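These notes concern the structure reproduced below.
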Amino acid sequence: MNVAADSTTGTPPVFDHESLALVAQSNLLQFYLTHLASTLMPIKPETRDSITPNFSLPGSPNSDTDDSVSAALVSSTQALFSLLGTNTTNSSAVSKKVVSKTASKLCSVCADKSTGLHYGASTCEGCKGFFKRSVQNKKIYHCNQNNLCEIDKQNRNRCQSCRFRKCISKGMLTEAVREDRMPGGRNGNSIYRDEIVEQLVEWTKTLPFFDELPVEAHTHLLTQRWAELVLLSAGYYACSVFSPDSPDTTQMIDESDEISFTNPEVNLRLLQNRLALVLGKEIPFEHVSKEAGALVVRFTTLLHSFSKLKVSPEAYVCLKAITLLHLSADSTLDKSIIDKVKTLQDHFVKTLQIHLHQPGENSETTSLAQILEWLPELQNASSVLLHSKMFYVPFLLCKNPRRLVFDE
DNA sequence: CTAGCCTTGACT
DNA sequence: AGTCAAGGCTAG
Ligand SMILES: [Zn+2]
Ligand SMILES: [Zn+2]
């Protein structure tokens, strides 16, 4: 039940019942460390396999630009991975041979002859077209049987519902169906998302309540909140590493290498510089501004308001848990699980409150309400991030990619 | 609606 | 130039 050990040791519990105070003092700091390690440092190599479920995100419509610049901003794989501290060269080389997904010549849905990868799975031409039509026309099917129809080449057209479910279960991604219907080109910009989400998956495994919720619940929560967690992590990193307050930001020299908490244009130029570093080629400021301007503005204002909260490490960990455990109204989980999540979130809200009320070092106490009122802003910013599809921008702005331009 | 074949376009 | 994975087209 309790998140931490329950023996009353050492520190006097502020709260009578429960062991929340203990959580606030011992475990949280540990989470904080493991979290920072998992987000900004390389993840452990052996934790590659395991759950990593299929994330189907509420599709953010894509490209409103036919510029090649947006592609340049969104693509280019290797360098950004090393920026995030993840090793791609290693894993991709291994997974190409180990993962059987790419090799199969059979449709993973109906076992007909495969014509290659389509929307994320090896499928036949028929299942490809079926999936495309289903997503494009937003079809919702219903099974006349018990959702147990077998799907093979012969009877694949007998039940659309079961066929579509099997498509999803085999890894086909609805987001790979383009809203703008632009043919040709490449999609691979969700790779960053997958990498980031995978790091967050690793993070959730370190949480004390990981075992208390089923994997589906974690999947559901992360699918919904990962962008907010990215922004929160980056924001906290920025506040802790760089000057918590930046009193003199107005007159900046362009070559400043520090992120600004107030001036979006400074950050845009910072993004431009680091993008040039990472991509190996200059990108006109005008284009960076056009593609990432809205996102950078939003992120900067988010940083500004976040920095004013003066969040301590312990409060940050609570905030992160609260954000993760924030269920939206349309959650499709079982009621028992929903209650469990709400209970857990409430625990962390209480923990946060306890921590804030402790006569800490700062006389300036941020109220719980102030912090909680900040969360909608985080939510709004996350939708901007999702829409921009440039998920790495917060990391790029917060951490300097030190000379990692060594292509083969 | 289905699915085989064709066209596109970025990446290599 | 060749590959891969998107979209389009159209008999059946
Ligand atoms: Zn098939
Ligand atoms: Zn069925």
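Nothing here was measured: the structure is a model prediction, and the numbers come from that model. Every chain is numbered from 1, with letters handed out A, B, ... down the list of sequences.
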Exercise. For residues A:H220 and A:Q224, is any side-chain donor paired with an opposing acceptor at under 3.5 Å?
Worked result: yes
Between [N] atom [atom2] and [X] atom [atom1], what is the distance in whole Å?
X	N	atom1	atom2	value
A:K113	B:dA3	NZ	C1'	13 Å
A:Q154	B:dT2	CD	P	16 Å
A:N137	B:dT2	CG	C1'	13 Å
A:F130	B:dC1	CZ	C1'	10 Å
A:R158	B:dT2	CZ	C1'	17 Å
A:E175	C:dA6	CD	P	11 Å
A:R163	B:dC1	CZ	P	13 Å
A:M172	C:dA5	CE	P	12 Å

hbond_proxy [X] side chain to [N] base (donor-acceptor, 3.5 Å cutoff):
X	N	answer
A:K128	C:dG7	yes
A:E125	B:dC5	yes
A:K132	C:dG8	yes
A:R178	C:dA5	no

Could you tell me whether the side chain of [X] and the main chain of [Y] form a donor-acceptor pair under 3.5 Å?
X	Y	result
A:H218	A:F210	yes
A:N146	A:L148	no
A:S240	A:Y236	yes

Would you say [X] reaches [N]'s phosphate, i.e. side-chain N/O to OP1/OP2 under 4.0 Å?
X	N	answer
A:N187	B:dA10	no
A:Y119	C:dG7	yes
A:R133	B:dT2	yes
A:R156	B:dA3	yes

Exercise. Contact class for A:G185 vs. all strands (heavy atom < 4.0 Å): base, sugar-phosphate, or nothing?
Worked result: base
Problem set entry | Listed nucleotide nearest any side-chain atom of A:K139, set C:dA6, C:dC4, B:dC1 | B:dC1
Problem set entry | Out of C:dG7, B:dC11, C:dA6, whichever nucleotide has its closest atom nearest the side chain of A:H118 | C:dA6
Exercise. Please walk me through it: do A:K342 and A:D346 pass salt bridge (Lys or Arg N to Asp or Glu O under 4.0 Å)?
Worked result: CA-CA 6 Å; A:K342 284 180 179 173; A:D346 200 48; over 6 Å; no
Exercise. Of A:P183 and A:D112, whose closest DNA chain B nucleotide lies nearer the 5' terminus?
Worked result: A:D112
